[in-house]
Amino acid sequence: RVCQIVAMRYNFFPPLDILSYVAKLHVAYHPGRPRTEVFRRVVFHMTSPAAKKKFPNLQGTWEILSSDAPSKIRFEFIDGKAKEFVGEALNEEDIKREISPTQYNVHLEFMKTHNLEKPDEED
């Protein structure tokens with residue numbers, strides 16, 4: 001008989017979805033250009049039925065560029081802060097690295113205001 005120890009793994013800080021705590025998202029790109037895959041994936045993700053169900057308040061828009069205008073993606077978070085990325089040189093990890101601190105700050109504020117525990121009343 002073999003005794004097996006099962007270690008529980010905890011994920012205290014799970015990665016947030018790229019659409020978490022985003023109020024508005026606008027993507028503009030030219031699909032024929034090289035290195036626009038990340039823009040296409042974000043558009044497909046935000047327009048998917050699963051994302052629409054998970055993020056019903058997200059106002060997502062996108063446009064296909066036909067000119068030489070640079071591709072861009074603009075995130076506006078629920079706290080009013082905004083981040084914009086221009087150019088095809090970015091990959092998805094770069095974008096997530098830039099927006100994740102803002103997402104986590106908004107997440108912490110959201111958790112503080114929507115706490116299920118009753119706050120201690122001071123007399």
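Note that these values count all heavy atoms, side chains included, but never hydrogens, waters or copies made by symmetry.
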What one should report as the nearest heavy-atom pair of Ser71 and His30 is OG-N, 3.8 Å
How are the rings of Phe77 and Phe75 set to each other: parallel, tilted or perpendicular (split at 30° and 60°)?
-> parallel
State yes or no: do Met111 and Tyr104 share one hydrophobic cluster built from I, L, V, M, F, W and Y residues joined by side-chain heavy-atom distances below 4.5 Å, directly or via other members? yes
Would Ile64 end up clustered with Val86 when hydrophobic side chains under 4.5 Å apart are linked, directly or stepwise? no
So CD1 of Ile18 and CZ of Phe55: to nearest 0.5 Å the spacing works out to 10.5 Å
For residues 40-54, tabulate all N or O donor-acceptor pairs below 3.5 Å that involve a side-chain atom, not counting sequence neighbours.
residue : atom : partner : partner atom : Å
Arg40   : NE   : Glu37   : OE1          : 3.4
Arg40   : NH2  : Glu37   : OE1          : 3.4
Arg40   : NH2  : Glu37   : OE2          : 2.5
Arg41   : NE   : Glu92   : OE1          : 3.4
Arg41   : NH2  : Glu92   : OE1          : 3.0
His45   : NE2  : Asp17   : OD1          : 3.0
His45   : NE2  : Asp17   : OD2          : 3.2
Thr47   : OG1  : Val43   : O            : 2.7
Thr47   : OG1  : Phe44   : O            : 3.4
Ser48   : OG   : His45   : O            : 2.9
Ser48   : OG   : Ala51   : N            : 3.2

| What do the steps show when you test Val106 against Ile78 for side chain to side chain contact (heavy atoms under 4.5 Å, CB included), and what is the final call? | CA-CA 8 Å; Val106 173; Ile78 61 173; 3.4 Å; yes
Output for pair (Glu76 CD, Lys24 NZ), nearest 0.5 Å, gives 5.0 Å
Interatomic distance, CG@Asp94 vs CD1@Ile99, rounded to 0.5 Å, equals 11.5 Å
Would you call Lys96 and Glu93 a salt bridge, using N to O less than 4.0 angstrom? no
Of all heavy-atom pairs linking Glu88 and Arg33, the shortest is OE2-NH1, 3.0 Å
Residues Gln103 and Ser20: side-chain donor-acceptor under 3.5 angstrom:
no
Parallel, tilted or perpendicular for Tyr29 and Phe39, by the 30°/60° rule? parallel
Working note: Val38 + Asn91, criterion side chain to side chain contact (heavy atoms under 4.5 Å, CB included); need CA distance, chi angles, decisive distance, verdict. CA-CA 6 Å; Val38 66; Asn91 59 25; 5.8 Å; no
- Query: Between Leu65 and Leu25, is there a shared hydrophobic cluster once you connect ILVMFWY residues whose side-chain heavy atoms come closer than 4.5 Å?
  - Reply: no
Here the gap from Ile95 atom CD1 to Ile73 atom CD1, rounded to the nearest 0.5 Å, amounts to 5.0 Å
Under 3.5 Å, is there a donor-acceptor pair linking the side chains of His26 and Glu84? no
d(Thr102 OG1, Lys81 NZ) to nearest 0.5 Å is 6.0 Å
